[in-house]
Amino acid sequence: MKRLYYLTKSITSAEEVSEDLHRHGISDWRFHIISRDEAGLFTHKLHSANILHKTDIVRFLERGIMLGALIGLALVIPATQLSVAPLPASLLLAMVLFCMLSGAWIGCVGGISCENYKIQRFHNAIEKGQYLLMIDLKVEDVENMKALMANHHPEVSLQLLDSTITNPFLSADGKIHVL
């Protein structure tokens, strides 16, 4: 799946785009709006982006699980080598799973306080009152949607075409960062 990011300056324009997308079979599950004016989105019955779109919970959760798995393995491997009696596999698995779940929890706590790395570049525009429209599409539908938006909504500008997949190591600058 691909995600198209558009910016518009008015809620009326966002509402017209929403109606047009619904006419073309795009459901609210595949169309989200991020705005400083959440009440306005609600009043106009526009589908606001949820916490998973706005924050980095997913990316930090993935990082936490991976880090927890590494820590769990770093504990389990020496434990099996240093143990006098063989340790049950269920205990070893439980240790790794506990570390993974702990990492996931810590990752979620950290991720909820960070703006999503994919929308960070639009932060200033959103703060100035613009509306970020995010449309999720199959790869084969992208060109048709770009043409539809250009023809019917010239006031809405395409900002970015990206994947809907979250990369736990990619940063807002487009570079891979492990830490």
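Nothing here was measured: the structure is a model prediction, and the numbers come from that model. Quick note: residue numbers are just sequence positions, from 1. Scope of the values below: all heavy atoms of this structure, side chains included, with no hydrogens, waters or symmetry mates.
Here Lys138 does not pair with Asp141 in a salt bridge; the nearest charged N to carboxylate O distance is not below 4.0 Å.
Residues Thr55 and Asn116 are not in side-chain contact: their nearest non-hydrogen atoms beyond the backbone lie 4.5 Å or more apart. Put simply, the side chain of Glu16 does not reach to within 4.5 Å of the side chain of Ser10, judged on heavy atoms.
Arg63 and Pro168 make their closest contact through NE-O, 2.5 Å (heavy atoms, listed as atom of the first residue, atom of the second, distance). Here the shortest heavy-atom pairing between Ile34 and His53 reads CD1-O, 4.5 Å. Closest heavy-atom contact between Leu87 and Ser83: CG-OG, 3.7 Å. Heavy atoms only, all atoms of each residue included: Cys108 and Ile57 are closest at SG-CG2, 4.0 Å. Considering all non-hydrogen atoms of both residues, Glu155 and Ser13 come closest at OE2-OG, 2.7 Å. Gly68 and Cys99 get closest at one heavy-atom pair: O-CB, 3.2 Å.
Under a hydrophobic clustering in which Ile, Leu, Val, Met, Phe, Trp and Tyr are joined whenever their side-chain heavy atoms come within less than 4.5 Å, directly or via other members, Leu93 and Leu73 fall into the same cluster. Placement of Leu170 and Ile165 in two distinct hydrophobic clusters is found when ILVMFWY residues are connected by side-chain heavy-atom separations under 4.5 Å, directly or transitively. Clustering ILVMFWY residues whenever any of their side-chain heavy atoms sit less than 4.5 angstrom apart, transitively, puts Met66 in a cluster other than the one holding Ile71. One hydrophobic cluster, built from ILVMFWY side chains closer than 4.5 Å, cannot hold both Leu52 and Phe60; they sit in different ones. Linking ILVMFWY residues whenever their side-chain heavy atoms come closer than 4.5 Å, directly or via other members, places Met95 and Ile65 in the same cluster.
Note: Thr80 OG1 to Leu91 CG = 11.0 Å, rounded to the nearest 0.5 Å. Here CG of Asp37 is found 13.5 Å from CD of Gln130. Values are rounded to the nearest 0.5 Å. Rounded to the nearest 0.5 angstrom, Glu62 CD and Thr166 OG1 are separated by 5.5 Å. Rounded to the nearest 0.5 angstrom, Ser157 OG and Lys9 NZ are separated by 8.0 Å. With rounding to the nearest 0.5 angstrom, the NE2 atom of His123 is 10.5 Å from the CZ atom of Arg36. Taken to the nearest 0.5 Å, the CG atom of Leu132 stands 9.5 Å off from the OG atom of Ser35.
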Original post:
Given the rule in the side-chain contact (heavy atoms from CB on, under 4.5 Å) test, do His153 and Thr8 qualify, once you have shown the distances and angles that lead to the verdict?
Top reply: CA-CA 10 Å; His153 305 285; Thr8 185; over 6 Å; no
**OP:** List the steps and the verdict of side-chain contact (heavy atoms from CB on, under 4.5 Å) for Val96 and Leu92.
**Re:** CA-CA 6 Å; Val96 173; Leu92 300 174; 5.9 Å; no
Subject >> Stepwise side-chain contact (heavy atoms from CB on, under 4.5 Å) test for Asp136 and Arg3 >> reply: CA-CA 4 Å; Asp136 297 339; Arg3 180 170 288 159; 2.5 Å; yes
Subject >> Worked check of side-chain contact (heavy atoms from CB on, under 4.5 Å) between Arg59 and Asn167 >> reply: CA-CA 7 Å; Arg59 187 165 69 115; Asn167 184 337; over 6 Å; no
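Leu161 belongs to a hydrophobic cluster whose remaining members, ordered by chain and number, are Leu4, Tyr6, Ile11, Val17, Leu21, Ile26, Phe31, Ile33, Leu41, Leu46, Tyr131, Leu133, Ile135, Leu137, Val142, Met145, Leu148, Met149, Val156, Leu158; membership requires side-chain heavy atoms of ILVMFWY residues under 4.5 Å apart, directly or through intermediates.
Glu19 is linked by a side chain to side chain donor-acceptor pair (under 3.5 Å) to nothing, counting only residues two or more places apart in sequence or in another chain. Scored by the ring-ring contact (aromatic ring centres under 6.0 Å, His included) test, His47 finds His32 as partners (sequence neighbours excluded). For Lys146, the salt bridge (charged side-chain N to carboxylate O under 4.0 Å, His left out) partners at least two apart in sequence or on another chain are Glu143. With sequence neighbours excluded, the residues forming a ring-ring contact (aromatic ring centres under 6.0 Å, His included) with Tyr5 are Phe122, listed by chain and number. Arg30 pairs by the side chain to side chain donor-acceptor pair (under 3.5 Å) definition with nothing, not counting sequence neighbours.
Within 6.0 Å of atom NZ in Lys54, more than 12 heavy atoms from other residues, nucleotides or ligands are found, so the atom counts as buried in its surroundings.
Under the 3.5 Å distance criterion, the side-chain polar atoms of Ser18 are left unmatched by any main-chain donor or acceptor of Ala14.
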